[in-house]
Protein chains: 4
Amino acid sequence: MDELPRPKWRKTNNMSADNTFMNSTSDTSSRIVQAAEKLFAEQGFKETTMRQITTLADVNLAAVNYHFGSKKGLIHSVAAQSLTPLCNAIEEGLSKLGVNSPAPGLPELMHILAVALVRVHHRTDYSLSVLMRLLDQAYRPAQQDLQQFIREQYGKRIAVFLHYLRKNTSALSEREFFWRLHFLMGSVIFTLSNMHALVALDQPDAVEEIEVEAILQRMIPVICAGMQAPGQEH
Amino acid sequence: MDELPRPKWRKTNNMSADNTFMNSTSDTSSRIVQAAEKLFAEQGFKETTMRQITTLADVNLAAVNYHFGSKKGLIHSVAAQSLTPLCNAIEEGLSKLGVNSPAPGLPELMHILAVALVRVHHRTDYSLSVLMRLLDQAYRPAQQDLQQFIREQYGKRIAVFLHYLRKNTSALSEREFFWRLHFLMGSVIFTLSNMHALVALDQPDAVEEIEVEAILQRMIPVICAGMQAPGQEH
Amino acid sequence: MDELPRPKWRKTNNMSADNTFMNSTSDTSSRIVQAAEKLFAEQGFKETTMRQITTLADVNLAAVNYHFGSKKGLIHSVAAQSLTPLCNAIEEGLSKLGVNSPAPGLPELMHILAVALVRVHHRTDYSLSVLMRLLDQAYRPAQQDLQQFIREQYGKRIAVFLHYLRKNTSALSEREFFWRLHFLMGSVIFTLSNMHALVALDQPDAVEEIEVEAILQRMIPVICAGMQAPGQEH
Amino acid sequence: MDELPRPKWRKTNNMSADNTFMNSTSDTSSRIVQAAEKLFAEQGFKETTMRQITTLADVNLAAVNYHFGSKKGLIHSVAAQSLTPLCNAIEEGLSKLGVNSPAPGLPELMHILAVALVRVHHRTDYSLSVLMRLLDQAYRPAQQDLQQFIREQYGKRIAVFLHYLRKNTSALSEREFFWRLHFLMGSVIFTLSNMHALVALDQPDAVEEIEVEAILQRMIPVICAGMQAPGQEH
DNA sequence: GATGAATGAGCTTTCATTCAT
DNA sequence: GATGAATGAAAGCTCATTCAT
């Protein structure tokens with residue numbers, strides 16, 4: 001199915017390894033990704049059609065398949081464009097304090113995560129939403145492709161962060177940790193994937209310039225409290 | 001030209017008013033709803049086709065349109081089948097303690113909610129998941145139909161519960177309440193809409209008999225703690 | 001295809017042979033015919049669905065098939081309900097003057113036809129329109145069923161009238177007669193099948209009580225003039 | 001949600017501005033139109049399915065939607081392909097004699113019309129039939145779309161011709177003119193929309209090469225006579 | 001690299017009809 | 001006679017994808 005002799009769809013679109021500056025968002029493939037991010041975030045993956053994407057990006061319909069091989073390829077590409085910086089930023093954060101501090105506390109870890117999320121958000125206005133929608137999707141049984149993609153590409157990097165998190169919650173049993181982790185991932189995923197809608201509900205009149213920092217600042221104490229709540233006796 | 005009164009798609013499937021026993025799951029329309037619940041929960045609404053539903057329900061493809069008018073009609077019907085009992089159970093819970101107690105505390109409210117959710121779950125194995133997926137969908141801008149349906153049918157009943165909840169969090173500013181509400185709704189929605197996947201991750205070998213009670217018991221302390229966490233100063 | 005042991009769908013619905021009085025329009029089958037006439041006249045045969053008919057007639061969807069066997073059976077029945085009285089009235093008209101007068105002139109023939117059409121129109125408000133639409137349909141190559149039905153049931157009776165008509169136009173060659181006949185049939189068919197629309201265009205504000213007599217009175221001189229126009233030399 | 005600008009369904013099929021020669025009937029979109037014309041003329045619009053059209057045209061089923069957006073779009077396109085040349089030819093005819101002659105008489109007007117109709121007919125063998133069927137349809141109450149399309153696109157151009165026609169019939173009252181116009185339109189519409197069937201009836205053995213010129217030559221005197229017939233006193 | 005045209009598979013929906021009662 | 005439920009076939013349309021240029 002994949003053995004076609006076609007442009008290799010390398011993950012390395014022009015998206016330079018370090019996304020420092022060079023915001024070359026003007027070329028076809030970037031325009032597609034950007035349009036896709038917005039539409040995926042607003043509507044979902046399945047409900048977004050290639051025509052909507054290419055129309056919004058103002059490129060030819062066939063361009064998506066040319067550049068990304070398939071719709072799924074585009075989704076993975078969009079995912080990579082957020083997940084890679086996210087993991088980079090998390091590792092960067094960990095290593096920064098890892099030198100002298102023996103083990104980061106829960107607030108520090110949350111801070112690192114928040115900084116990483118903010119950095120993803122600053123890529124484009126929908127990077128974060130679409131990333132969160134993707135993580136949500138990944139829990140559906142029918143989306144094993146997606147699960148596999150994430151696990152293969154980012155499994156180990158994510159595991160490192162979770163490892164640190166686990167250290168900070170040694171009071172919890174393994175199962176309790178598992179569930180709390182997902183409760184709180186639920187908060188993050190739901191809030192951030194719907195953040196445009198929520199901000200619009202919160203401030204109907206404001207110009208819609210999302211301040212993720214503010215949202216995260218509200219969320220962190222809640223998450224910490226949730227993580228550290230006394231468990232129900234079983 | 002389009003206002004023909006087809007078979008009125010009565011909400012009064014055989015679904016007897018009190019869903020005590022009488023699990024008459026054998027008639028066409030119930031079988032459709034049940035199949036739809038399972039597939040919607042596992043795959044999502046858009047990604048589930050009518051053919052999948054009617055195949056699983058072992059009924060004719062046209063039966064869905066006969067009984068529910070359209071796919072959207074089926075979705076609304078599925079929604080109603082969970083939301084109505086949920087609201088009923090919540091109101092029942094509220095009224096039960098409302099007699100002598102002046103105002104319920106946060107734990108009592110969570111208990112009432114948990115009982116209501118459990119009752120929904122006991123309808124069928126996927127009622128709760130699909131309900132949560134529906135609430136999630138309702139936050140997407142492109143799903144105004146769904147928003148409107150929920151608001152029109154259940155808006156006021158939900159508002160009552162939120163009103164009680166707000167009374168218990170008078171320490172929070174209006175905006176802080178808004179965000180915390182959604183953080184914690186995120187927990188509930190994410191956890192319960194993916195509960196089958198999560199249980200399978202948690203206990204890969206166990207027979208998949210979902211114990212929502214157990215999940216909710218783990219979740220309530222976390223939610224209460226999150227709701228009552230000290231706010232970040234702004 | 002037709003050998004099913006079912007209610008015989010006799011052409012003799014209650015529609016008594018002589019439609020003198022007894023306007024028993026209250027029973028199911030009459031209500032269906034009446035609804036069908038209206039919808040067929042306004043929309044056409046194919047574009048009218050059984051649901052529209054049964055809804056308008058306020059009867060069960062299956063009633064049409066029960067009473068008429070199929071949609072085509074209903075169409076034939078509707079046709080018969082107009083064509084039979086039409087032929088009756090024409091023959092009646094012819095016989096009335098046939099005793100002492102040697103051969104009727106063109107104006108007399110047109111008068112007979114007009115009287116017959118008016119009588120059909122007085123059955124119900126759409127009998128005439130639907131009859132004309134039927135005749136129009138009958139010229140389509142794909143409607144051989146309909147052609148055959150009309151020819152078998154009414155061919156000979158119509159031929160008699162045409163025979164008289166031909167006698168009055170002996171100046172015309174056979175071909176010229178053929179074409180003029182159809183030119184003028186076109187006038188009649190188009191005008192009467194669209195008469196509701198035309199009356200509404202003519203008198204937008206008037207209550208829509210169709211006066212076919214008036215229309216026919218305008219049309220007869222035109223048709224006579226057309227029939228008797230000097231031919232182009234060939 | 002539905003306003004996506006699909007391939008713009010340009011009216012500029014290859015159909016070269018001057019349809020002199022270059023019968024480039026080989027490209028997809030022309031083949032579709034041609035197949036559609038034939039089937040629409042023979043069977044009607046509703047009774048012709050997209051599958052019949054694409055099968056006859058030997059193109060993919062989706063090609064119709066690609067090129068014309070929808071079945072209705074195809075119908076409009078087919079309509080335009082006849083109506084535009086018709087109006088052009090009429091205007092051309094009018095302007096040609098308009099220079100020195102003060103006002104054209106009825107025979108001249110009919111001649112202009114006939115020439116225009118012949119020119120439409122020479123586009124393809126079914127252009128004229130389908131055009132006439134379309135005009136017939138446009139009188140049905142349920143076809144407001146079609147009415148609007150014709151009125152918007154061609155209303156004014158048609159009105160000019162009618163204006164000239166009215167001048168030649170100043171003896172008639174406004175209402176009398178209205179009715180005679182439609183009587184005679186009925187002749188034209190009925191005859192030409194069924195011309196293949198009528199020619200086949202007239203000359204069962206002849207090769208079916210339609211001679212519209214001959215038909216029109218027979219029809220014009222009839223129409224003129226009808227238009228000028230002495231009115232019934234009211 | 002890019003694009004207009006085309007396509008196979010599959011979508012939801014509609015239809016006339018049938019069946020069990 | 002009459003009816004609610006059900007159904008097979010087919011309708012118009014959409015989708016991601018491919019191909020020739």
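Protein chains get the first letters and strands the later ones, always in sequence-line order, with residue 1 at the start of each.
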Problem set entry | C:Ala62 vs D:Ala63, nearer the 5' end of DNA chain E by closest nucleotide | D:Ala63
For this session: Return the nearest nucleotide to the side chain of A:His67; candidates are E:dT14, F:dA11, E:dA2.
Result: E:dA2
For this session: Please report, rounded to the nearest Å, how far the C1' atom of E:dG10 is from the CD atom of B:Glu47.
Result: 15 Å
For this session: Give the nucleotide from the list F:dT17, F:dT3, E:dC15 with an atom nearest to the side chain of A:Leu61.
Result: F:dT17
Problem set entry | Euclidean distance, atom NZ of residue D:Lys46 to atom P of F:dA11 [Å, nearest integer] | 12 Å
For this session: Sort out for me which residue in A:Leu39, A:Val59, A:Val33 forms a side-chain contact (heavy atoms from CB on, under 4.5 Å) with A:Ile53.
Result: A:Leu39
Exercise. Quick one: which of E:dT14, F:dC15, F:dA11 gets closest to the side chain of D:Thr49?
Worked result: F:dA11
For this session: Using whole Å, report how far CZ of C:Arg31 lies from P of F:dG1.
Result: 14 Å
Exercise. Please give, in whole Å, the distance from E:dA20 C1' to C:Asn65 CG?
Worked result: 16 Å
Exercise. Does OP1 or OP2 of F:dA5 have a side-chain N or O of B:Tyr66 closer than 4.0 Å?
Worked result: yes
For this session: With heavy atoms under 4.0 Å as the rule, sort C:Thr54 into base, sugar-phosphate or nothing.
Result: nothing
For this session: Give a yes or no on whether a donor-acceptor pair under 3.5 Å exists between the nucleobase atoms of F:dG12, that is its base, and the side chain of D:Arg51.
Result: yes
Exercise. Looking at the side chain of C:Lys71, which of F:dC19, E:dT17, F:dG12 is the nearest nucleotide?
Worked result: E:dT17
Exercise. For DNA chain F, whose closest nucleotide is more 5', that of D:Thr48 or that of A:Phe45?
Worked result: D:Thr48
Exercise. C:Met50 CE to F:dA2 P: how many Å, rounded?
Worked result: 16 Å
Seminar exercise, completed: Distance col, row B:Asn60:CG vs B:Thr28:OG1, nearest 0.5 angstrom, shows 9.5 Å
Seminar exercise, completed: When rounded to the nearest 0.5 Å, the distance separating CZ of D:Arg31 from CG of D:Leu56 is 9.5 Å
Seminar exercise, completed: Rounded to whole Å, the CG-P distance (B:Asp58 to F:dA5) equals 19 Å
Seminar exercise, completed: D:Ile75 CD1 to F:dG12 C1', in whole Å, measures 12 Å
Exercise. Is a donor-acceptor pair below 3.5 Å formed from side chain C:Asn60 to base F:dG4, judging by atom type as modelled?
Worked result: yes
Exercise. Judged by modelled atom types alone, do C:Gln34 and C:Thr124 share a side-chain donor-acceptor pair under 3.5 Å?
Worked result: no
Seminar exercise, completed: When rounded to whole Å, the CD1 to P distance for the pair D:Ile53 and F:dA10 reads 17 Å
Problem set entry | Opposite nucleotide pairing with E:dA20, Watson-Crick or G-U, both atom distances under 3.5 Å | F:dT3
For this session: Measure up the A:Phe40 and A:Phe45 rings against each other and bin them: parallel (under 30°), tilted (30 to 60°), perpendicular (over 60°).
Result: tilted
For this session: When you get a sec, tell me which of E:dT13, F:dA11, F:dA6 is the closest nucleotide to the side chain of B:Thr28?
Result: F:dA6
